[in-house]
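Note on naming: letters A, B, ... go to the chains in the order of the sequence lines (proteins, then strands), and numbering restarts at 1 for each one.
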Amino acid sequence: MTIRLHNSKTRKKEEFTPLDPKNVRMYVCGPTVYDRAHIGNARPVVVFDTLFRLLRHVYGADHVTYVRNFTDVDDKINAKAAETGRPIRDITDETIAWYHQDMDALGALRPTHEPRATEYIGPMVAMIQTLIDGGHAYAKEGHVLFRVRSYKNYGALSGRSVDDMIAGARVEVAPFKEDPMDFVLWKPSDAVTPGWDSPWGYGRPGWHIECSAMSYELLGASFDIHGGGLDLQFPHHENEIAQSCCAHPKAGFAKVWMHNEMLQVEGKKMSKSLGNFFTVRDLLDQGYPGFLIRMVFLMTHYSKPMDWTEAKFRQAQNELYKWSYWLTNFAETKKQPSKEIVEALADDLNTPEALTVLRTLFRDGKYEQLAADLKFLGVWDGQSPDQISLLHLHNAEQRHEISDRIDSLLRNLEMYRNEKNYADADRIKNGLIEAGVSVQIGKLGTSYELTPAFDPTKLDQIK
RNA sequence: GGCGGGUUGGCGGAGAGGUUACGCAGCGGAUUGCAAAUCCGUGAAGACCGGUUCGAUUCCGGUACCCGCCUCCA
């Protein structure tokens, strides 16, 4: 099995060859933990979880190490602490727990390691010292700055030159900077901001150094894949490369860089002011099942901008709903994923192609394989049609009541049909259809399915 | 202003220099008391302008529009 991945660094699709097939190593930039993850935050999680699943399948579950960090020292967290009066650790612990709940719901496997930045201050300080010793960084006025001009390849990842960026003239020019593009490795803290003692005084790390330090500690100076959202390509990843490559000049740092494109909502950039901002938790609470949210993500290739729309969700729901009727016996299947689905993912994570594979399996009646492939993708894990369609019904008691009500209506419908009283039969049938219940009248009897449009309140209007 | 990406049929969305993507919706048929479901069949595209080529939606250049980053908002 050959995996091919688009490498942002070379801008080409390349054959993936692990440095060590017994230990394939991937690092993905994780969240800053100050609030619930929004829907855009979830895209890289699902994208790289899909890659994680593929790598585990190809190289073996015990031969893949996936690291995703938690940034738990950050000015947004400090601001939240100041605003609420709560200790920082409370806020970050709570947010991490939320993150786990929400991402678990999307079917994302937990990474092998989820390091917190605050637990790696020592390695960060050590790396900063190495950079200073090597002439790549300098301390000034309690700050330590990375000397961008000392790394000749700076800008290679994002296709920019230092001179072009300065011409853009939007960089902060602080008096303690030798060059406007130099960025902070360490900055001073006051009495109310979190800080640690260091050779340069009491302070806290800049944003970028944590990923360089933690990837080094957990994956080594060279590893296979580094991922994250496209928005991180510059400056974050560019700075990571500069730091890591200058601190460990003989190593290659990440071989393959992968960036997922951004997410929009109903055709617009998600923003609080447009009112199209929502969190994963908002969707889950409204009854959008996590596995369907995941399926919506898989409908668009990771390298393309993705639009979250209600219509797209409905499409995913309808499709999975249709399939789920044939999968009830295969909830526990141990069948391996099909060659076709693995090949689709191996081709630069072509998840839309993977969905086409699923449709072909369905069309050909290969239901157990369909179940196995859905499980492999993390899109379905034995959910019944009702769990896919009953959006707003969470409690079993309600469900039971509704099911009794529909059964009773169907008994009346059958009675009228036996009497050839088609007027009354149609009245009930149309009422059920109006309520979003799909009615099937066959020679052997009458049955029904709840469609995604099901609205229980409309059942009461049927006389 | 600088850099990067995108633009495919009514909608979603891929691959491939030349042969049906696929799904949804539509249309026709089988079936049905009528429907639904199912099955069979079917129309529909490649932003615009040039270039390369025997041939381009697929390669190259330009234009328009959209998006992202350059501002520690993913």
Worksheet item: A:E434: what forms a salt bridge (Lys or Arg N to Asp or Glu O under 4.0 Å) with it, not counting sequence neighbours?
Response: none
For nucleotides 7-10 of chain B, print each protein N/O atom paired with a nucleotide N/O atom at under 3.5 Å, atom names and distance only.
residue: B:U7; atom: OP1; partner: A:K304; partner atom: NZ; Å: 3.1

Discussion item. Considering every strand and a 4.0 Å limit on heavy-atom distances, what is the contact class for A:Y34: base, sugar-phosphate, or nothing?
Written reply: sugar-phosphate
Worksheet item: Which residues, if any, of residues 351-359 of chain A bring a heavy atom under 4.0 Å of RNA chain B?
Response: A:P352, A:E353, A:T356, A:R359
Discussion item. Is the distance from the ring center of A:H259 to that of A:H237 below 6.0 Å?
Written reply: yes
Discussion item. Within residues 40-53 of chain A, which residues have any heavy atom lying less than 4.0 Å from an atom of RNA chain B?
Written reply: A:G40, A:N41
Practice prompt. Assign A:E319 to base, sugar-phosphate, or nothing according to its heavy-atom contacts below 4.0 angstrom with the strands shown.
Written response: sugar-phosphate
Fill in: Pairing pattern in dot-bracket form [Watson-Crick, G-U; both distances under 3.5 Å; | = partner strand] for RNA chain B
(((((((..(((.....[...))).(((((.......)))))....(((((..]....))))))))))))....
Would you give me the side-chain donor-acceptor pairs under 3.5 Å for residues 42-53 of chain A, sequence neighbours excluded?
residue: A:R43; atom: NE; partner: A:E261; partner atom: O; Å: 3.3
residue: A:R43; atom: NH1; partner: A:K304; partner atom: O; Å: 3.4
residue: A:R43; atom: NH2; partner: A:E261; partner atom: O; Å: 3.1
residue: A:R43; atom: NH2; partner: A:M262; partner atom: O; Å: 3.3
residue: A:R43; atom: NH2; partner: A:K304; partner atom: O; Å: 2.5
residue: A:D49; atom: OD1; partner: A:L109; partner atom: N; Å: 2.8
residue: A:D49; atom: OD2; partner: A:R53; partner atom: NE; Å: 2.9
residue: A:D49; atom: OD2; partner: A:R294; partner atom: NH1; Å: 3.0
residue: A:D49; atom: OD2; partner: A:R294; partner atom: NH2; Å: 2.6
residue: A:T50; atom: OG1; partner: A:V46; partner atom: O; Å: 2.7
residue: A:R53; atom: NH1; partner: A:K375; partner atom: O; Å: 3.3
residue: A:R53; atom: NH1; partner: A:F376; partner atom: O; Å: 3.1
residue: A:R53; atom: NH2; partner: A:G107; partner atom: O; Å: 2.6

Atom pairs under 3.5 Å: protein N/O with N/O of nucleotides 63-69 of chain B:
residue: B:C69; atom: O2'; partner: A:F234; partner atom: O; Å: 3.1
residue: B:C69; atom: O2; partner: A:R160; partner atom: NH2; Å: 3.4

Item to complete: Report the residues that fulfil salt bridge (Lys or Arg N to Asp or Glu O under 4.0 Å) with A:E414, sequence neighbours left out, ordered by chain and then residue number.
Response: none
Item to complete: For A:K339, enumerate each residue passing the side chain to side chain donor-acceptor pair (under 3.5 Å) test, keeping only those at least two apart in sequence or located in another chain.
Response: none
Worksheet entry | Under 3.5 Å donor-acceptor, A:D373 side chain and A:L358 backbone | no
Fill in: Residue list, side chain to side chain contact (heavy atoms under 4.5 Å, CB included) with A:M415, at least two apart or on another chain
A:N412, A:E419
Discussion item. Does the protein touch nucleotides 30-42 of chain B at the base, only the backbone, or not at all? Give it as B, S and - per nucleotide, heavy atoms under 4.0 Å.
Written reply: --SBBBB-S----
Distance-only donor-acceptor hits, side chain of residues 349-356 of chain A, under 3.5 Å, sequence neighbours excluded:
residue: A:N350; atom: OD1; partner: A:E353; partner atom: N; Å: 3.0
residue: A:T351; atom: OG1; partner: A:L298; partner atom: O; Å: 2.8
residue: A:T356; atom: OG1; partner: A:P352; partner atom: O; Å: 3.3

Worksheet item: Using 4.0 Å as the upper bound for N to carboxylate O, is an ion pair formed by A:K140 and A:E178?
Response: no
Worksheet entry | Nucleotide of B:G12, B:C72, B:G13 approaching A:T300 most closely (side-chain heavy atoms) | B:G13
